[in-house]
Amino acid sequence: MGSVLREWIGFQQFPPATQSKLVELFAKLKEQGVDKLTILVMGKGGVGKSSTVISLFGERVVNISSFQSEGFRPVMVSRNRAGFTLNIIDTPGLVEGGYVSYQALDLIKRFLLNKTIHVLLYVDRLDAYRVDDLDKQIIGAISDSFGKEIWSKSLLVLTHAQLCPPDDLSYDVFCARRSEAVLKTIRMGARIRKRDFEETSISDWGTRAFRISSKDSVIPVGLVENSGRCNKNENDEKILPNGDAWIPSLVKDIIAVATNGKKALLVDEKLVNGSESNDRGKIFIPLILGVQWLLVKWIQREIKKDIAKGGKYF
């Protein structure tokens, strides 16, 4: 399923202040020779994936309904502005009937064939107060499907970010704790070593938040409020309770991940068919068979020696 490249009409719907910030961010990308960005959006159903796609484009590029489940197939939306192309791939939820939907994952992989993914947005809700084993299973399934290296090109997006924290917590402390819980689940589900899970200062939040940090993986956190009731600043930009204009802030984080020096994910035939992992295993088959052959020969030799000595040693 392809996508028609159109002019980014929705860009003009952003407030002038947001437009100026986005123009500056995309200009920096083009200075680095990057004129196309492809973003993959994944997560459970009902967490706000499609709504986030709509917010980032500034136009209703995918259909959503409060009374209807999301689409059953991935869809890529492409927009062009001043020679820069933004592709965002919206995907179906990864849970079906309370279990990980491997059918959805396989469908996503096949849709992505021959596409290069520069950034993964893993979407969850800020106002969910717990994580469970299913969350870890989802992360594990994504890692098994695309390789855990995909997390080095990922950004955790927490939606429904306009909220009043419970238990008299400050907004920033609540965001940090919720982020920590989800990132810890990502670490465990993706089987990233615990010592690579470090506390890192994020200046944009003005507080402490949490990232997975290692030579291969750094996962920042972005906050999103897609509701039309989202508060606005004097420049008419949608803002979070901490005052951040979240759309340019999220785009800034996306670009930071896209240019973090880690290799983008190319979804090729090997990845789709799982042959890459099978090929790695095949390397060891001759060695295993050789060891088994030597072991059998040794046992046969020892039995013959024992028989010749009248069972002295056995």
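Owing to the predicted nature of the structure, the values given are computational and were not obtained by experimental measurement.
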| query | Hey, are the side chains of Phe111 and Arg73 touching, using non-hydrogen atoms and a 4.5 Å cut-off? | reply | no
Just distance, no hydrogens or angles: give the donor-acceptor pairs under 3.5 Å from side chains in residues 133-140, sequence neighbours left out.
from: Asp133; atom 1: OD2; to: Gln137; atom 2: NE2; distance (Å): 2.6
from: Asp135; atom 1: OD1; to: Lys44; atom 2: NZ; distance (Å): 2.8
from: Asp135; atom 1: OD2; to: Asp132; atom 2: N; distance (Å): 2.9

- Query: Quick one: do Val95 and Val182 end up in the same hydrophobic cluster if we chain Ile, Leu, Val, Met, Phe, Trp and Tyr together by side-chain heavy atoms under 4.5 Å apart?
  - Reply: yes
side-chain hydrogen bond (donor to acceptor under 3.5 Å, both in side chains) pairs touching residues 94-110, sequence neighbours excluded, are Asp106-Arg110
Residues at least two apart in sequence or cross-chain that pass side-chain contact (heavy atoms from CB on, under 4.5 Å) with Ala256, listed by chain then number, are none
*Would you call Val41 and Thr52 a side-chain contact if the rule is heavy atoms closer than 4.5 Å?*
no
_Asp124 vs Arg178 side-chain heavy atoms within contact, under 4.5 Å_ = yes
Sequence neighbours excluded, the answer for side-chain hydrogen bond (donor to acceptor under 3.5 Å, both in side chains) partners of Asn235 is none
The side-chain contact (heavy atoms from CB on, under 4.5 Å) partners of Leu294 (sequence neighbours excluded) come to none
Quiz item: Do the side chains of Phe146 and Leu112 get nearer than 4.5 Å, heavy atoms only?
Solution: yes
State, with a plain yes or no, whether a side-chain heavy atom of Ile108 is found less than 4.5 Å away from one of Pro92.
yes
> Can the ring centres of Trp151 and Tyr122 be said to be less than 6.0 Å apart?
Replying inline: yes
Salt bridge or not between Asp268 and Lys270? Use side-chain N to carboxylate O under 4.0 Å.
no
Residue set satisfying side-chain hydrogen bond (donor to acceptor under 3.5 Å, both in side chains) with Ser51, at least two apart, ordered chain then number -> none
Requested in this report: For residues Val119 and Lys153, determine if any side-chain heavy atom of one lies less than 4.5 Å from a side-chain heavy atom of the other.
Outcome: no
Salt bridge (Lys or Arg N to Asp or Glu O under 4.0 Å) filter on Lys21, not counting sequence neighbours, yields Glu237
Sorted by chain and number, sequence neighbours left out, side-chain contact (heavy atoms from CB on, under 4.5 Å) with Ile247 holds for Phe14, Thr18
Can you list, pair by pair, the side-chain donor-acceptor contacts under 3.5 Å of residues 23-30, counting residues two or more places apart and other chains?
from: Lys30; atom 1: NZ; to: Ala82; atom 2: O; distance (Å): 2.7

Applying salt bridge (Lys or Arg N to Asp or Glu O under 4.0 Å) to Arg191 and not counting sequence neighbours gives Asp144
The salt bridge (Lys or Arg N to Asp or Glu O under 4.0 Å) partners of Lys36 (sequence neighbours excluded) come to none
- Message: Counting C-beta onward and ignoring hydrogens, is there a side-chain heavy-atom pair between Ile88 and Leu121 closer than 4.5 Å?
- Response: no
- Message: If you define the side chain from C-beta out and look only at heavy atoms, does anything of Leu169 sit under 4.5 Å from Arg177?
- Response: yes
Residue set satisfying side-chain hydrogen bond (donor to acceptor under 3.5 Å, both in side chains) with Ser55, at least two apart, ordered chain then number -> Asn226
